[in-house]
Amino acid sequence: MCGRYVVTPDPDTIARFFDVDEVIAGDLGASYNIAPTDLIYGVAEHRGRRLLGEFRWGLIPWWSKEKGPLHINARAESVAAKPAFRDAFSRRRCLIPADGFYEWQNRPDGKQPFFIHAVDGKMLALAGIWSRWTDPETGQEISTAAIVTTKSAGAVSSLHDRMPVILAPSLWNAWLDRDLRDPEEIARLLQPISELELHPVSKLVNRVQNNTPECVKPI
DNA sequence: CCAGACGTTGTT
DNA sequence: GTCTGG
DNA sequence: CCAGACGTTGTT
DNA sequence: GTCTGG
């Protein structure tokens with residue numbers, strides 16, 4: 001699955017990589033340990049333009065009266081049908097930029113974290129869905145997002161049976177296209193990719209308070 | 001009709 | 001909002 | 001995802 | 001064990 005990840009470039013660098021027209025996100029700073037509830041970058045389309053915005057990690061359906069529970073992931077196999085996700089899936093998709101992400105391997109002696117990243121070291125586009133939600137208590141409106149997961153492939157499958165969907169650049173346009181609303185057509189974009197590298201890292205990453213380059217360093 | 005749920009993961 | 005269960 | 005909390009009363 | 005917070 002995907003419950004922690006890494007983003008280090010500044011917003012302008014991310015925007016260039018994803019061919020973004022306008023940056024509306026603030027500078028969230030480099031993070032080696034992004035966790036659920038954090039603010040994250042997301043690339044989404046608005047009135048035909050590609051924007052880099054910020055989202056709270058943990059999707060809240062627009063009709064929800066409650067702040068929780070958090071939906072940090074959505075299964076590719078069912079995202080089109082689930083009440084909490086289907087509307088976002090057909091109308092509000094985004095790319096979530098990442099240097100890489102973490103998975104924990106279960107071992108007899110505990111859990112071992114791994115950092116997983118592109119072979120060429122470039123940023124990954126994680127498949128995301130998003131929603132606008134108004135807090136009934138404060139009237140505050142926020143954008144929230146979830147990462148779509150799928151069956152793992154390649155080296156990652158030796159660690160874990162789930163991983164985030166990573167979209168190849170050739171699929172970015174279709175994924176962001178808000179006029180593309182046919183669930184079956186959209187679902188065809190969600191394939192696991194296998195060209196990733198991984199290495200074990202320190203258990204420092206287990207604590208969300210630890211946010212240093214040490215988190216991604218091979219051990 | 002109204003009430004209540006609406007999610008993923010891992011583990012057992 | 002929309003579906004399912006009672 | 002992992003870490004950390006997990007409770008009430010009364011008083012300040 | 002299970003929920004909440006980050």
Side-chain angles (χ1 to χ4, degrees), chain A residues 1-7 28-41 54-92 96 98-117 124 126-137 141-142 144-152 156-166 181 183 190 192 196 198-212 214-216 219:
Chain A
M1 59 104 57
C2 185
R4 296 292 176 85
Y5 70 100
V6 174
V7 172
L28 303 178
S31 180
Y32 295 89
N33 202 348
I34 299 171
T37 71
D38 285 351
L39 282 179
I40 60 174
Y41 295 114
E54 56 188 57
F55 299 82
R56 180 177 174 274
W57 187 9
L59 185 138
I60 306 174
W62 65 270
W63 42 260
S64 179
K65 294 173 189 71
E66 310 286 328
K67 208 165 353 195
L70 289 179
H71 303 297
I72 69 170
N73 295 136
R75 291 176 64 91
E77 298 89 333
S78 55
V79 62
K82 295 285 183 184
F85 299 139
R86 62 185 168 201
D87 182 59
F89 180 70
S90 87
R91 310 186 64 144
R92 291 183 304 277
I96 298 178
D99 293 11
F101 58 95
Y102 298 103
E103 296 289 357
W104 279 259
Q105 182 181 40
N106 275 314
R107 292 176 170 181
D109 54 335
K111 291 188 170 194
Q112 174 61 50
F114 286 76
F115 181 61
I116 301 148
H117 56 93
L124 302 172
L126 308 186
I129 56 176
W130 63 278
S131 176
R132 287 289 281 176
W133 180 76
T134 304
D135 186 333
E137 292 185 2
E141 209 182 338
I142 55 170
T144 64
I147 294 170
V148 180
T149 63
T150 189
K151 192 167 151 38
S152 62
V156 183
S157 54
S158 66
L159 305 181
H160 214 80
D161 62 341
R162 306 291 301 172
M163 65 185 276
V165 172
I166 296 158
R181 291 180 186 172
L190 299 174
L196 292 169
L198 55 86
H199 59 251
V201 295
S202 160
K203 286 184 179 175
L204 272 177
V205 72
N206 289 12
R207 294 173 183 269
V208 296
Q209 291 87 347
N210 294 329
N211 176 12
T212 66
E214 195 79 8
C215 291
V216 296
I219 58 164

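Only a predicted model underlies this, so the values are computations on that prediction, with no experimental measurement involved. As a basis for the values below, the full set of heavy atoms in this structure was taken, side chains included, without hydrogen atoms, waters or symmetry mates.
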Spacing of Lys82(A) atom NZ relative to dA5(B) atom P, expressed in whole Å
15 Å
How long is the line joining CH2 of Trp63(A) and C1' of dG7(B), in whole Å?
10 Å
Rounded to the nearest Å, what distance is computed from the CE atom of residue Met1(A) to the C1' atom of nucleotide dT9(B)?
5 Å
Strictly distance-based, threshold 3.5 Å: is any side-chain N or O of Gln112(A) a donor or acceptor partner for the main-chain N or O of Leu159(A)?
no
So Ser78(A), base contact, sugar-phosphate only, or nothing? Heavy-atom distance under 4.0 Å.
sugar-phosphate
Trp62(A) atom CH2 is separated from dG7(B) atom C1', nearest whole Å, by 19 Å
Who pairs with Glu137(A) by salt bridge (Lys or Arg N to Asp or Glu O under 4.0 Å), at least two apart in sequence or on another chain?
none
Residues in salt bridge (Lys or Arg N to Asp or Glu O under 4.0 Å) contact with Lys111(A), at least two apart in sequence or another chain:
none
Would you please confirm or rule out a distance under 4.0 Å between OP1 or OP2 of dC6(B) and any side-chain N or O of Ser64(A)?
no
Report yes or no: does Asn73(A) contribute a side-chain atom to a donor-acceptor pair with the main-chain N or O of Thr149(A) at less than 3.5 Å?
no
Ile60(A) backbone acceptor or donor facing Thr144(A) side chain under 3.5 Å
yes
When the P atoms of dT9(B) and dG5(E) are compared, how many Å lie between them, rounded to an integer?
22 Å
Going by heavy atoms closer than 4.0 Å, what residues in residues 101-111 of chain A are next to DNA chain B?
Asn106(A), Lys111(A)
How far does the P atom of dA3(D) sit from the matching atom of dT11(B), given to the nearest Å?
13 Å
Send over the distance from Leu204(A) CG to dC2(D) P, rounded to a whole Å.
15 Å
Roughly how far apart, to the nearest Å, are dG4(B) and dG4(D) at atom P?
37 Å
Non-neighbouring partners of Asn206(A) that pass side chain to side chain contact (heavy atoms under 4.5 Å, CB included), sequence neighbours left out
Trp104(A), Pro113(A), Lys203(A)
Among residues at least two apart in sequence or on other chains, which ones pass ring pair (Phe, Tyr, Trp, His ring centres under 6.0 Å) with Phe89(A)?
none
Where the side chain of Asn33(A) meets the backbone of Val205(A), is there a donor-acceptor pair that is under 3.5 Å apart?
yes
With sequence neighbours excluded, what pairs up with Arg207(A) under the salt bridge (Lys or Arg N to Asp or Glu O under 4.0 Å) test?
none
Quick one: does His199(A)'s side chain have a donor or acceptor within less than 3.5 Å of a partner on Val216(A)'s backbone?
yes
Would you indicate what Arg86(A) reaches in the nucleic acid, counting non-hydrogen atoms under 4.0 angstrom: base, sugar-phosphate, or nothing?
sugar-phosphate
Please answer whether the main-chain N or O of His160(A) pairs with a side-chain N or O of Ser152(A) as donor and acceptor at a distance below 3.5 Å.
yes
Tell me the stems DNA chain D sits in, counting at least three consecutive Watson-Crick or G-U wobble pairs, each under 3.5 Å on both distances.
D:1-6 with E:1-6
Quick one: side-chain hydrogen bond (donor to acceptor under 3.5 Å, both in side chains) pairs with a partner in residues 77-91 of chain A, sequence neighbours left out?
Trp62(A)-Asp87(A), Glu77(A)-Arg162(A), Asp87(A)-Arg92(A)
List for me each residue that meets ring pair (Phe, Tyr, Trp, His ring centres under 6.0 Å) alongside Tyr32(A), sequence neighbours excluded, and say none if there are none.
none
At under 4.0 Å between heavy atoms, which parts of nucleotides 1-6 of chain E does protein reach? Answer with one letter per nucleotide, 5' to 3': B base, S sugar-phosphate only, - none.
-----B
Could you state the CG-P distance from Asn210(A) to dG4(D), rounded to the nearest angstrom?
10 Å
Separation of the P atoms in dC6(B) and dC3(E), to the nearest angstrom:
13 Å
Between Leu59(A) and Pro61(A), the two heavy atoms sitting closest are CD2-N, 3.8 Å
Please report the distance, rounded to the nearest Å, between CG in Asn211(A) and P in dC2(D).
18 Å
Using a cut-off of strictly less than 4.0 Å between a heavy atom of the residue and any atom of DNA chain B, enumerate the qualifying residues of residues 158-166 of chain A by number.
His160(A), Asp161(A), Arg162(A)
Could you measure between the two P atoms, the one in dT8(D) and the one in dC2(B), and give it in whole Å?
36 Å
For Tyr5(A), check ring pair (Phe, Tyr, Trp, His ring centres under 6.0 Å) against everything at least two apart and list the hits.
Trp57(A)
Whole-Å distance between dG7(B) P and Asp87(A) CG?
13 Å
